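What follows is a single structure, written as structure tokens, with notes after it.
None of these values were measured; they are calculated from a predicted model. These numbers come from the heavy atoms of this one structure, side chains and all, not from hydrogens, waters or symmetry mates.
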Amino acid sequence: MTTNTVPEKPSLEGLEQKWLASWDDAGTYAFDRTATRADVFSIDTPPPTVSGSLHVGHVFSYTHTDCVARYQRMTGKKVFYPMGWDDNGLPTERRVQNYFGVRCDPSLPYDPNFEPPAEVGKDAIAISRRNFVELCERLTVEDEKVFEELWRRLGISVDWKMTYQTIGARSQAISQRAFLNNLSRNEAYQSEAPTLWDVTFRTAVAQAELEDRERPGAYHRVSFHKPDGEKLFIETTRPELLAACVALVAHPDDERYQPLFGTTVTSPLFGVEVPVVAHTLADPEKGSGIAMICTFGDLTDVIWWRELQLPTRPIIGWDGRIISEVPAWITSELGQNVYSATAGLTAHSAKEKIAELLRESGDLEGEIRPITHPVKFFEKGDKPLEIVTTRQWYIRNGGRDEKLRGELVARGGEITWHPAHMQVRYENWVEGLNGDWLISRQRFFGVPLPVWYAVDNDGHPKWDEVLVPNDSDLPIDPSSDCPPGYTPDQRGVAGGFIGDPDVMDTWATSSLTPQIAGGWSVDDDLWQRVWPFDVRPQAHEIIRTWLFSTVVRAHLESNELPWKHAAISGWILDPDRKKMSKSKGNVVTPIDLLDEHGSDAVRYWAASGRPGTDTAFDVGQMKIGRRLAVKLLNASKFVLGQGTAPASAIAAPIDQALLAALADVVDQATAAFEAFNYTKALEVTESFFWAFCDDHLELVKDRAYGLAGADEAESAKATLAVTLETLLQLFAPFLPFVTEEVWSWWQEGSVHTGGWPKSAALRAHGGDAQALDAVAEVLSQLRKIKSEAKVSMKAGLENATITASQAQIDFIGQAASDLLAAGRVSGDFNFTVAEGQILVTADLTATTE
RNA sequence: GGUCGAUUGGCGCAGUUGGUUAGCGCGCUUCCUUGACAUGGAAGAGGUCACAGGUUCGAGUCCUGUAUCGACCA
């Protein structure tokens, strides 16, 4: 779309709508899938969680990637830049529950006519899993529209014909296929083991989803009883787990307790006999130096339990309450009564009850001592995690395998990290793993684990007899589909089958974004053109989850790295340098931001945030961006208003010098972009642009007007045109709208596909960039004389004398006529040769009035 | 507690392989209004680079320690 006219009064108004429509029509950002891998630049874009709200951080980091994508596209690469939507998992479930006022009850039958109420009622309506999933899908479609609208408006140059959803059929099939491949290679396995468990969501939680929170707790000094009746004190923050106690433990070197190792003691209230054992993890400094091991109070309990081969005595159920049935190991009547008194209580209430009973029996010594200590939470949960023994699926990630861990650490070393120090975070995480990747979740909305289990003749599931689907049937839902060789009426009956009720962890699917976007196993033609990807842009806090899990899957599936580069973006901080948060009410709605400042201006601000660096939200920076865009319009209007001339007309030394300086800028910007340093590329371009406007444009005005002759004018015009063209190209990745607008005034096609400038062509004109500095210095000093005299820049000067080195005088002499005109100096310069700084003196011309 | 990063003019940031007067934007001061631009233009003031020590002919730029801030992990 070329108008070939320069508007009277250029404006930023309406440029976004105009060019978005134009790009859409022309397919400017469409991926050319005839390109071979060498000509492709492929981006493993982060699929935003659509059920989350949009915030400025999205705008920030996606702009970074887009700048790089646009640069690559301009260099001639076919950019594979698809957008994905992450609609998996808990965030969506939660949002659906609140939005429609429903909750999922998998035991209910599907109601094909179900419609959520118009008004959300006070009590959540229970609906079937299938109805629930339908609502999830309905809502995510709406959410995706809002996201797409923002990305388009921001000028993100993705190919909107290539979007994917992490819950879409294709993603499900790929996710299930990858899992089944893991299973067939023994990289996925199931295990009955103590698992971190969120009692609110009633699901297992992976190590990567944990976080420690400081919580108040209290030490209870509780007495156990030696066979001789003597009291042995332990200190615990969890007296409610007394019934789950399987042993007491002290450090092997602890002389206080060495005599007790190998003996047994009896627990208070319950009267259960437990051994006293030794383990190095017991801290003699902590409490009384001897602790009770329960199954399970914390992760240390799990280690003791496993390494000391202790029995399992679980008393906490999946709902976080004390299991109601009195356990078999409690044999005393008193113990059974005590247990019954706490059965069904939450851990919190049970704690109080047990403390009270211990007090009555005289087994609680002294006062309860309040402390603050770190407690493990599910990052999305708000109740402390419990540890429950369950059967779960795992994928090997090196957490229990030295060799695999070493390979994965090595993979991290093969990635080029931006910035480089982010690799350390990866290494620390991988080296600190202490278990495999738990991927099964007891949730509803997600990719189902694609397996069934045979049911024996007594009607019990045979967990080790896993039934898998045919590959051609993927994706499948084991709760409604049948395993090969079975019929639906065999579901749940003796000799039949039962489907795995769980879904996969959201990261189990997200870890396959390159495979999903690139068409692994479903579109081999596309796959071989884009894999492995060039870059994964993402935030640093999910290196341990998304980045690592993607490396794991690619390593296991393809024995390759999923991408060459990892570009890690920083956080957005509010102007007080605090992390922006909703609760503080300082979250700015991105679309309002775009309305107020314009997309180019917001992009300018985003691009000023360097890779991996946290950046303050700064409206001032957006205003500067807007000013830059306006300046670009006006400077372009002026340049084009002079008319253009062929590059062959470039002859004036100062013109050639300008192009030589511009060539340096092109080289610097190119090098910066190649290193993913878009900020640097913008900086050098912007700096040159302002100098160009302030000095060169002023310097050559008179000459361009033709006051120095036709040839001189042609040289000026040709130089201005080449410079403008190059500057538009350099700015195009950052300011796609205004550059495209100006481009359309005088060029064919889109600036975004018209090529990246080449410095060699600019240098071919000869010229010495240093000449520019000398000339600019003289111009500045001429202005200073007027500024200090407090007169207008149009005031005349005479008797101008320049003292400078011979080399500088040579440069200045070549541009003398331009300088005389721009400075309104009458007569000629007098030159004096002297080493050192350039010095200019002149007299103000006496006014005639 | 561990790891990593940061500490440069009032504020926000650049400073690549160590090398003459440490750059930029905002803000500030003074001046200029109407021939690209008042969402403007020109000139100028203002830092010795957190602190202490070390390596070096020479350090903001490398090393050690301390302090403060932040992130990630325990």
Side-chain angles (χ1 to χ4, degrees), chain A residues 6-13 207-208 210-212 214 299-300 373-374 376 417 419-434 539-545 568 570-571 573 575-579 596-598 601 604-605 608-610 612-642 668 671-672 675 677 679-680 682-684 686-687 690-695 697-698 701-702 704-705 720 724 742 779-795 822-823 836-837:
Chain A
V6 182
E8 259 320 293
K9 180 80 181 159
S11 155
L12 298 176
E13 292 309 308
Q207 186 183 355
L210 296 184
E211 62 184 40
D212 282 359
E214 286 294 325
L299 289 175
T300 316
H373 62 156
K376 296 220 177 305
W417 298 80
H421 70 253
M422 290 295 175
Q423 186 190 340
V424 178
R425 294 200 183 186
Y426 173 92
E427 283 176 0
N428 286 347
W429 173 252
V430 180
E431 283 163 359
L433 287 170
N434 55 32
H540 51 61
E541 84 279 12
I542 51 175
I543 288 173
R544 62 177 175 150
T545 49
I568 309 297
W571 285 100
L573 310 174
D576 300 331
R577 310 293 302 166
K578 304 263 170 54
K579 196 167 147 185
E596 186 178 348
H597 302 281
Y604 173 89
W605 160 73
S608 69
R610 283 150 52 238
T613 308
D614 293 347
T615 302
F617 176 74
D618 186 359
V619 173
Q621 200 65 13
M622 295 176 201
K623 290 183 173 159
I624 297 165
R626 192 174 175 86
R627 192 181 66 168
L628 173 64
V630 170
K631 187 83 173 176
L632 209 46
L633 284 177
N634 287 311
S636 302
K637 179 189 159 198
F638 174 71
V639 165
L640 296 175
Q642 307 307 312
Q668 289 171 43
N677 193 343
T679 305
K680 176 86 174 169
L682 173 59
E683 217 169 79
V684 295
E686 190 186 3
S687 157
W690 286 104
F692 168 69
C693 291
D694 295 345
D695 295 340
L697 238 37
E698 295 299 327
K701 258 182 188 172
D702 281 7
Y705 290 149
L720 293 179
L724 178 63
V742 173
L779 186 59
S780 174
Q781 292 203 30
L782 290 172
R783 286 168 176 159
K784 184 174 178 178
I785 291 166
K786 299 179 191 180
S787 189
E788 285 177 351
K790 302 190 177 185
V791 297
S792 160
M793 286 301 138
K794 285 190 296 183
Q837 295 178 359

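Of the candidate nucleotides B:rA71, B:rC73, B:rA36, B:rA36 has the atom lying nearest to any side-chain atom of A:Lys637. Checking B:rC73, B:rG41, B:rA38 against the side-chain heavy atoms of A:Lys631 singles out B:rG41 as nearest. The side chain of A:Glu698 sits closest to B:rC37 out of B:rC31, B:rC37, B:rG41. Candidate nucleotides B:rG41, B:rU39, B:rA43 were compared by shortest atom distance to the side chain of A:Arg626, and B:rU39 ranks first. Residue A:Ala635 has its side chain nearest to B:rA36 when only B:rG25, B:rA36, B:rA42 are considered. Residue A:Arg627 has its side chain nearest to B:rG41 when only B:rA36, B:rC4, B:rG41 are considered. Picking from B:rA36, B:rC73, B:rG70 the nucleotide with the shortest atom distance to the side chain of A:Arg544 gives B:rC73. Looking at the side chain of A:Ser787, the nearest of the listed nucleotides B:rU3, B:rA42, B:rG40 is B:rA42. In the set B:rU34, B:rG44, B:rG25, B:rU34 carries the atom at the smallest distance from any side-chain atom of A:Lys794.
The base-pairing partner of B:rU21, taking Watson-Crick or G-U wobble contacts with both distances under 3.5 Å, does not exist among the strands shown.
Remark: A:Lys784 is in phosphate contact with B:rG44, judged by side-chain N or O atoms under 4.0 Å from OP1 or OP2.
Whole-Å rounding puts the A:Trp571 CH2 to B:rG5 C1' distance at 16 Å. Between the CD atom of A:Glu788 and the C1' atom of B:rC32 there is a distance of 15 Å, rounded to whole Å.
Taking the six-membered ring where tryptophan is involved, the planes of A:Tyr426 and A:Trp417 are tilted, since the angle between them lies from 30° to 60°.
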